[in-house]
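The structure appears right after this line, and notes come after that.
Just so it is clear: chains get the letters A, B, ... in the order the sequence lines come, proteins before strands, and each one is counted from 1. Computed from a prediction, not measured in an experiment: that's the story for all the values here.
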Amino acid sequence: MPILVHMLGSHSTKDIQQNINSSTSVALTTTSPATTSVELQPLMAQTDLPSEHDNTQEDRKEKEPVQPRLQRARACLLKGVSYFSGDMEVFGKWMEKQFFLLQLLDWVLRGAAQVMFVNNPLSGLIIFAGLILQNYWWALNGFVGTLFATISALILQQNRGAIAAGLYGYNGILVGLLMAVFSKAGNWYWWLLLPNIFMSMMCPVVSSALASINSRWDLPVFTLPFNILVCLHMVATGHFNHHFPQVLIQPRSELPNITWSEIDVPKLFMSVPVGIGQVYGCDNPWTGGIFIISLFISSPITCAHAVLGSAVGMVSGLALAAPFGDIYFGLWGYNCVLACIAIGGMFYALTWQVHLLAITCAFFCAYLSSAIANIMSAFGLPACTWPFCLSALTFLLLTTGTKRIFKLPLAKVTYPEKNLRFFWKLKKQEKMEKAEKERKEREEQQKVTEEEIILNEKEKLRIEIERMEKGGVASEASEGKNGETHGKDQAPGVEQQSTEEEVLTDYV
Amino acid sequence: MPILVHMLGSHSTKDIQQNINSSTSVALTTTSPATTSVELQPLMAQTDLPSEHDNTQEDRKEKEPVQPRLQRARACLLKGVSYFSGDMEVFGKWMEKQFFLLQLLDWVLRGAAQVMFVNNPLSGLIIFAGLILQNYWWALNGFVGTLFATISALILQQNRGAIAAGLYGYNGILVGLLMAVFSKAGNWYWWLLLPNIFMSMMCPVVSSALASINSRWDLPVFTLPFNILVCLHMVATGHFNHHFPQVLIQPRSELPNITWSEIDVPKLFMSVPVGIGQVYGCDNPWTGGIFIISLFISSPITCAHAVLGSAVGMVSGLALAAPFGDIYFGLWGYNCVLACIAIGGMFYALTWQVHLLAITCAFFCAYLSSAIANIMSAFGLPACTWPFCLSALTFLLLTTGTKRIFKLPLAKVTYPEKNLRFFWKLKKQEKMEKAEKERKEREEQQKVTEEEIILNEKEKLRIEIERMEKGGVASEASEGKNGETHGKDQAPGVEQQSTEEEVLTDYV
Amino acid sequence: MPILVHMLGSHSTKDIQQNINSSTSVALTTTSPATTSVELQPLMAQTDLPSEHDNTQEDRKEKEPVQPRLQRARACLLKGVSYFSGDMEVFGKWMEKQFFLLQLLDWVLRGAAQVMFVNNPLSGLIIFAGLILQNYWWALNGFVGTLFATISALILQQNRGAIAAGLYGYNGILVGLLMAVFSKAGNWYWWLLLPNIFMSMMCPVVSSALASINSRWDLPVFTLPFNILVCLHMVATGHFNHHFPQVLIQPRSELPNITWSEIDVPKLFMSVPVGIGQVYGCDNPWTGGIFIISLFISSPITCAHAVLGSAVGMVSGLALAAPFGDIYFGLWGYNCVLACIAIGGMFYALTWQVHLLAITCAFFCAYLSSAIANIMSAFGLPACTWPFCLSALTFLLLTTGTKRIFKLPLAKVTYPEKNLRFFWKLKKQEKMEKAEKERKEREEQQKVTEEEIILNEKEKLRIEIERMEKGGVASEASEGKNGETHGKDQAPGVEQQSTEEEVLTDYV
């Protein structure tokens, strides 16, 4: 059935285009307006995408080339956007033929963005800009970490596609950054680069080992290698060390002073971008804002869930009576940001149920981050992103009976918008297969019914013939050939002309 | 072979009935008399089951209908007992057609009992009675926990059979109860219901996630979700919290004052029911006694192992020089109770070897509970039921070469008596298959022997014929047609003439 | 092709013999001369093996029986060495027919050596000698531990081959030894034997349980059961216990006093054998030296990596500013020793890449041991061999694209030299298969070419014949049989006798 296949093909192409539009609108509607309006407004004004999208959608419905010039401009813009949004696939392919060092830079930049599940070198570049805005020394350490983690993965001959997607770099940037952040030796203590390089180069080893385990459940390793290695370095050296001393972290031993009247509302709102910045250990709200932009460029759904997660973390902090300082500092936000992104569209296909699940996961993650921070402080350690890893893994291991919570196969995960298209295509295909099956069943049913009718009629006919022949034998014994013809005429509603038997076998 | 199948059927039916009797007697004999006599005596007097059982067994051996009236009464009683013992399957099936809220109540009650691996709403009801006897507020929290955990499982569309068996409720009741027990805010602090409901609703999520991992080794999740969630709540808030403060738990920092002359023997014996009560966080010995009754109703084997486990825990506490207060308070017992139940007949089919294994596991669990309590106290946490989970999982992961330690497939686990019946049926089937195989082998052997005999006789016959024909050739040389026969005889290794052929084929 | 098979056989036999020589030389070259010269020199002088090996190798190349008497002596010596080196397979097989208690002694001795991955009763005997040199009481506890662990494995009907290889004993000896080492009750406190026996008997249970998990990734359990059980005992009783008090271990709470000018270089070098002794908890350098001998007897590669690992640990301790006392005491060495042995030739086939990997793993392990020691000290626990287990498992879970890092299937692991032979045989086989495949391909290619040539010739022939026949028909119409013969004669290099068509179909 080549026609059917062709129809399926054309359907799915159109389907994907519609998905692009609608998924973007979904991303914008999923965020609560209160929290996103501040950050997204300038972006919207700048790119003017959302309003255009709506128009395009309406145009598509009308299917009339009213304003061809405007439409062409829009198509151009969309194509332009597709070049630097998403995972920049075209750029990645072009890169493959370039000079090795340029490729390495691409991988490092993608690695920097992969912390937020973004496979986009432009986002990576913007993130590095944010880091430089925060602290030169930290940014340098982050770059060194990403670079050596990627090099180590190359030496260990890991999967080239994964390296090119920055999947071996993101743990490196976090290791580099956070080792600098938690070092008590201060900035520009050059010896720190030594353990930094060693730990970054261990990243692919630990990643590969964890992947061997997690792949059994089709789970990603998240930032577990970073958590393990930074905690390893910090607890191995500790606060009381001559070479690599760490900042002092101690467990809480008295009631924190919380006066609700003293709450600083602007700071509370500021904690949302700060929470996003804290994913990279940065407490500068501008840095956080820059990170939001970098997310929006690649995937608006990711960006929305990041902001939502940070807000959920802030609310949880208030609910669990955390000291205000911790909340302002974004410590309640960064794990929720990552957990909310991971569940909300990245590893699950985004539906309303999944969106609610992502919010639940963010609340659970906030609880967990408080718990883990308290436990780790007993060893002088920060919480790192353990809470995110554990909560996201828990929610990814969840099995439900509903089809609306669809976990993507790990190999198919790209970015929320593309994941959605994959999910929709899959659903459409299923629906089509079901429709096809139903059609066939209906046809078969019809055939069976028809056959039954024919069989009944045949039966009736035979009885009539028998009856008539019996009569014919008695009255018209002399006429041999007329009996048959006579019998046929008396069977009403049957259209046979030639011998009965032949016709019936044709039907059957 | 329909006759054989029928025999198998009738055999197994009888087998099951015998199992009911013998399994009960096994359960009663497995407990050391010293510890069980106190608790079981009243129960025995009340139901008068054991003595009757013995009689029935003897009657069965005699197989004579001496006292038909008494026997009928016994049958009636047994049938009546079967309605509310075990997992109350009949009641469960009847419930399926009832009003939803009534069903939910059934699930909640079963969930309450499932903490002790008992799938029985009547036991659940009695357990709630025990909880009310202990503390109204705790009982309320427990009920809320079970209810919301079950509702959450319904929302997440978990397996309906598992929900109906209370497998999503038992973590909920523990979460609810223990959050109330360890709260420093005192009774009737209504805000506590908020985290209680949130954590209960997280139970099915964590259960489902852990089941995804544990199912790879065909292991249950036990009370791991409860352990994780309660520890999560307690350490996330901690002792120094404005909203949800926890009781202060601190590590031991000096030698406990243990004077062996000051030991209080009645309190030591009382610690056995208290230990069973501590499974639900209750220190009232009467509550513990009520729990024992609820266990006995459903499964005497479970009940016996619970008492045994508690006794083992108490002895271990003395051996490891624990403060007497902890032993009296049942802290050494509750984990051993659960571990002993789990290994002794619940997940392994109960044999003498398994019974010894269960006692070993209880000792190991006692050791482990001391260790974990010391570690957890460093974070201000109680041991919860981590020791039980870890020791039981270790002993369930054990692989041995002996067939007497038979781990049931997880899907076949019900309650010890039924598990035993399953094991015996399996063994009988194996034996029968083996016997069948042996019979066939024997038959074949016989056939081969017979054939050999026939062949020997045939050989003898041939020699005789040859001998005779040779004599015949000499005497009857004048006959021409005999030449052919002669030729045949001279071909050695070629068989027989006409008459022989027929006879031999008849034999074969 | 029996000839090919025979060639393969003879090749591999020679191959193995060469491996013996070259592997020994590899083992000697892998160690940095600075560290090994001290320990290995006396051994070399004693056995005079290396120099002879070199000669044998050279002789083999010459393949001339110049000195038959000397060569025979060498062969004798090599055979003699093979009886007590490696895993003493011949001795093990001979043991199978001996008295049970003698067998048990063999298993216990092998168990003692298996801590270092050595399956050799002679090494075990020497190790026990070293332990007795250190402390009688510790040695007794170690022996009791090994014995009861092995007995427990027999009771639990574990795999007989694994028991005979000492794989159930090595955790027992460590449990016994370290429980004695860390007991505060002092030597000859006989009550200690009670928990010692209980914990040793739990070893096979925990081993079996862990093996159920680890076997999914084809990983060994290493000394995890020992780590779990000793930590269990120590934390369950703790420093403040009346029956089984433990030595006091506390976390560091101030800057250690490190003055680089005070460094004691001889002690620093001594720390290398001390580090090897610390695998069994012994701080006597002579004991460490005896252990090195026991390793060398069985496997020089293992011995070299042990020394290398200890040196790496010492260097790491200096790099991370550890107190000199800890380094002198060998606390930085023992985990690295084990990790370096495990990766360097035991579970990976030894290549240069694997050798570098082993050194990396040793460094990682040193880092990890500092981290774990700091964490465990918060609970009053020593680091045990957790760092080794975790780092070695991480490096064994690593997956790479290079074929030079070849992880042996767990069932094929014996000792580094034999592992290497296995790896080489596998490689040779692969190469041969590849060559065979190539040969076949070449042959096929040739056949195709030949066929093409023949086809071309046939075509030519046919054209010629056609041409000739056409001519022949016209000019020589009277001669019927000559036409064909004529045509044949003009086709050079073709051997047809009968009609062309037949021959050609034979070829095709």
Chain B/chain A interface donor-acceptor pairs under 3.5 Å:
unit_1, atom_1, unit_2, atom_2, d
B:Gln157, O, A:Gly401, N, 3.0
B:Gln157, OE1, A:Thr402, N, 3.3
B:Gln158, NE2, A:Thr399, O, 2.9
B:Ser208, OG, A:Thr399, N, 2.9
B:Ser208, OG, A:Thr399, O, 3.3
B:Ser208, OG, A:Thr399, OG1, 3.1
B:Ser212, O, A:Trp217, NE1, 3.0
B:Ser212, OG, A:Leu397, O, 2.7
B:Arg216, NH1, A:Arg216, O, 2.9
B:Arg216, NH2, A:Arg216, O, 3.1
B:His233, ND1, A:Tyr367, OH, 2.8
B:Val235, O, A:Asn374, ND2, 2.5
B:Ala236, O, A:Ser370, OG, 2.7
B:Phe240, O, A:Arg252, NH1, 3.4
B:Asn241, ND2, A:Leu320, O, 3.1
B:His242, NE2, A:Pro256, O, 2.8
B:His243, ND1, A:Ala319, O, 2.6

Under 4.5 Å from any heavy atom of chain A - which part of [X]:
X: B:Pro245; result: neither
X: B:Met234; result: neither
X: B:Leu248; result: neither
X: B:Leu194; result: neither

>> My understanding is that only residues two or more places apart in sequence, or in another chain, count here; which of them pass side chain to side chain contact (heavy atoms under 4.5 Å, CB included) with A:Ala373?
In response: A:Ala383
> Listed by chain and number, what are the side chain to side chain contact (heavy atoms under 4.5 Å, CB included) partners of A:Leu390, not counting sequence neighbours?
Replying inline: A:Leu368, A:Ile372
> For chain A, which of B:Leu210, B:Leu232, B:Leu381 has the most heavy-atom pairs under 4.5 Å?
Replying inline: B:Leu232
>> Which one wins on heavy-atom pair count under 4.5 Å against chain B: A:Pro251, A:Gly401, A:Ala319, A:Ala321?
In response: A:Ala321
List the atom pairs, donor and acceptor, that lie under 3.5 Å between side-chain atoms in residues 100-110 of chain B and the rest of the protein, sequence neighbours left out.
unit_1, atom_1, unit_2, atom_2, d
B:Gln103, NE2, B:Glu96, O, 3.4
B:Gln103, NE2, B:Gln98, O, 3.3
B:Asp106, OD1, B:Arg110, NE, 3.2
B:Asp106, OD2, B:Arg110, NE, 3.3
B:Arg110, NH1, B:Asp87, O, 2.9
B:Arg110, NH1, B:Asn119, O, 3.3
B:Arg110, NH1, B:Asn119, OD1, 2.8
B:Arg110, NH2, B:Met88, O, 3.3

> What closest approach, in Å, do A:Phe364 and B:Phe198 show between heavy atoms, and which atom pair accounts for it?
Replying inline: N-CZ, 3.9 Å
